[in-house]
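Within every chain, numbering begins at 1; the chains are lettered A, B, ... in the order of the sequence lines, protein sequences first and strands thereafter. In what follows, every heavy atom counts, from backbone to side chain, and hydrogens, waters and symmetry copies are set aside.
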Protein chains: 2
Amino acid sequence: MSTVPTVYDVANRSGVSIATVSRVYRNPDSVRAQTRERVLEAARELGYVPSGNARGLASRTTGVLGLCFPDYSDPDAEDIDAEDDDAAMLYSDQIIRGMERTARRHGYALLIAASLKGGPESLVAKVAGRVDGFAVMARTVPTEELEVISRRQPVVMLAGPREGGDQLDHLDHVEVANADGQRELTRHLIEDHGLRRLAYIGSAEESPDVAARFRGFREACAAADVETDHGPVLRMPMMTQADGASAVDVLADRDGPLPEALVFANDQMAVGALHALQRRGLRVPEDVVVTGFDGIPLGRLVRPALTTVRQPMLKLGEQAAELLVQRLGGGPDREPVSLMLPVTVVRRASCGCGEGEDSGTQLA
Amino acid sequence: MSTVPTVYDVANRSGVSIATVSRVYRNPDSVRAQTRERVLEAARELGYVPSGNARGLASRTTGVLGLCFPDYSDPDAEDIDAEDDDAAMLYSDQIIRGMERTARRHGYALLIAASLKGGPESLVAKVAGRVDGFAVMARTVPTEELEVISRRQPVVMLAGPREGGDQLDHLDHVEVANADGQRELTRHLIEDHGLRRLAYIGSAEESPDVAARFRGFREACAAADVETDHGPVLRMPMMTQADGASAVDVLADRDGPLPEALVFANDQMAVGALHALQRRGLRVPEDVVVTGFDGIPLGRLVRPALTTVRQPMLKLGEQAAELLVQRLGGGPDREPVSLMLPVTVVRRASCGCGEGEDSGTQLA
DNA sequence: ATGAAAGCGCTAACAA
DNA sequence: TTGTTAGCGCTTTCAT
């Protein structure tokens, strides 16, 4: 760990100029084979490794794509995967995988960073300064900051609807058909299962995704002349499993009968609800139907298996990388792109559908 | 995307020196509040974002940890997750997650890069130049290259046994109790299920991990006076699901009865074998017992559920990050650390154990 | 509290 | 083919 060798050291040791050393790494064919060997030999002896920072500074490119996501720490999730790694695969993991894979195919590495919740220094800035372009999961980063950065380098926004007519209009953007999915799932509950007293549990004000889902829910209800409130019946702040369980408690302990169906804005809450209902001796789906949204692996493992809407998170990541690469390579000043990825309604036991294989319907 | 603002632009616009601009970002308290506001204001107007590269160059640190892994493309895996994202979570994903989480806690971001199989430019070099330290999954990188780089910055080797007495002895190193796990699983088959004709399917020469597993297998056999060959009965090159299916074909089509148990060196092959056996009308575990190794999620979803040895991949990633952080912060020239993480034998239906909940035994 | 100036290690013209 | 020479944008003493 003594002193770190640089181009100069290698140049000296091999009797060439630093330019030649540089060439050996960037464009080997532009150097005579014999010279090249001498240089590489010297580099090996010295333990030379080119500094990515210096390279990036000088060439103004990094070969790295970035991904920022929120500090996704559902305490429940922590518990789960302590003993059971696999069930806990979250959104972010799938997105990471999709993005990494695609980035790799294009020769990029991937830098991932989650906002530390106490973190003073702006996350994005840290990432932005080290990559050629990056994706941001919606609401991870203050809009204003994004606006500033996106003047500088390609940014694609993930999974949140484009913020209405805002200043962020010039960003590329990939989202998921939240409303369509929730609408179709709700239609299924109403038409195919004949349910009419549905309760929606979410937290719309915090997330545009959840807002879109609730919109889908209302549309389906309206189409079937089913009454709904203006907003979700219950708003749980974090949408964790614990929140899902609380929702059951609140609903069960108040006057009147339980709704026929609990329509949750995500799977985490739905799973929590399943547990809570079981503890109360209520059967799903006989006594009450439960549905989620997301398609997390856990949803298939719980009993009864959870009916839900599966989001194509892997594709989300892939598309994000693809868009960034396009911007970087081809048209920096092409029109901003906005993609809406289709989701799939997955019917499982918790809505009263058979035990058999999952049955799915894909929706544009 | 016109011109990118720098410290100089911000300095001009706010009427201070570049040093002050720098201070505002690095150490806000060392600047008078009023000045600081002026600078931030100017930065905002200009759309200034500090260049990570320049910063890294000047300060010689990046705040980024790296992870290199092989181009893990099991064609089967691709197929699976096309329709079924969740089952396909691989090793690498878990390691990434563990590492990211721990890195984050220590204020680091994570740079991940998989070797593109045709890739000319050395993967490590690319990563090494951009991070403060990194982890490498065993056999991803030529030993010699690692040796060179590890003189320069902390490197931890993952999941492959330390290459015997080599030049890599000064690297930190985290591995998994492969031999212990396979030994215990094998003992279980022999003692608890009374099996004596066991066939091991792996590919030991390619991977030290598999070698260690086979060693565990032999030890358990020897301890019970069960005969074994010197090497695995079959060596499948890629250890994919297809390979697992082929293994069944080979074993079933040759003379003599099928072994009582097929002990695979990984889950992928075991799952492939399950399918192949089913196609042939053979029942598991009645006609033949099948076991895997790894603990991938898919193993729990197949029928019969797969008995296996679960590796703590998440912890592997966490430990890797932890070791790197320690080296970076504390003792750069402490003795090299070598950790062996415990594994868990997971008994499920494919070995004849009950259908109930998974039963596990953790082994140091 | 702020400024001046010297690098950090590399790439990219432009020469030779 | 190879060498010279400027920077790239920031951090960091050392002054002031």
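Under the side-chain contact (heavy atoms from CB on, under 4.5 Å) criterion, Ala128(B) pairs with Val49(A), Phe134(B), Ile149(B), Gln153(B), sequence neighbours left out. Every residue meeting the ring-ring contact (aromatic ring centres under 6.0 Å, His included) condition with Tyr48(A), not counting sequence neighbours, appears here in chain and number order: Tyr25(A). Every residue meeting the side-chain contact (heavy atoms from CB on, under 4.5 Å) condition with Asp9(A), not counting sequence neighbours, appears here in chain and number order: Pro5(A), Thr6(A), Leu46(A). Among residues two or more places apart in sequence or in another chain, the salt bridge (charged side-chain N to carboxylate O under 4.0 Å, His left out) test is passed with Glu145(B) by none. For Glu318(B), the salt bridge (charged side-chain N to carboxylate O under 4.0 Å, His left out) criterion is met by Arg101(B), not counting sequence neighbours. Listed by chain and number, the residues in a side-chain contact (heavy atoms from CB on, under 4.5 Å) with Gln34(A) are Arg32(A), Arg38(A) (sequence neighbours excluded). Residues passing the side-chain contact (heavy atoms from CB on, under 4.5 Å) test with Ser30(B), sequence neighbours excluded: Arg23(B), Asn27(B). For Gln319(A), there are no side chain to side chain donor-acceptor pair (under 3.5 Å) partners at least two apart in sequence or on another chain.
Using a 4.0 Å heavy-atom criterion, one finds that Val16(B) contacts the sugar-phosphate atoms exclusively. Note on Val21(B): nothing from the nucleic acid sits closer than 4.0 angstrom, heavy atoms only. Among the heavy atoms of the strands lying under 4.0 Å from Thr20(A) are primed sugar atoms or P, OP1, OP2 only; no base atom is included. Note on Thr6(B): only backbone sugar-phosphate atoms sit closer than 4.0 angstrom, heavy atoms only; bases stay farther off.
The nearest heavy atom of DNA chain C to Ala54(B) and to Arg36(B) marks one nucleotide each, and the one closer to the 5' end goes with Arg36(B). For Ile18(B) and Leu57(B), each mapped to the nucleotide of DNA chain C holding its nearest heavy atom, the one lying further toward the 5' end belongs to Ile18(B).
Side chains of Val39(A) and Val16(A) form a contact here, defined as non-hydrogen atoms less than 4.5 Å apart.
The line from OG of Ser59(B) to CG of Asn53(A) is 7.5 Å long, rounded to the nearest 0.5 Å.
Residues in residues 43-54 of chain A take part in these salt bridge (Lys or Arg N to Asp or Glu O under 4.0 Å) pairs, two or more places apart or across chains: Arg13(A)-Glu45(A), Glu41(A)-Arg44(A), Arg44(A)-Glu144(B).
dC10(D) atom P lies 13 Å from atom CG of Asn12(B), rounded to whole Å. Taking atom CZ of Arg26(A) as the reference point, atom P of dC8(D) lies 19 Å away to the nearest angstrom. Distance OH (Tyr8(B)) to P (dC10(D)): 9 Å, rounded to an integer number of Å.
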Could I get a table of every N or O pair under 3.5 Å where one atom is in the protein and the other is in nucleotides 13-15 of chain D?
none

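With distances taken from any side-chain atom of Ser17(A) to the nucleotides dC10(D), dT4(D), dG9(D), the minimum falls on dT4(D).
Note on Arg60(B): every side-chain N or O is 4.0 Å or more away from OP1 and OP2 of dT11(D).
Within residues 40-51 of chain A, no residue has any heavy atom closer than 4.0 Å to DNA chain D.
Put simply, chain B comes within 4.0 Å of DNA chain C, heavy atom to any atom, from dA1(C) to dG9(C), going 5' to 3'.
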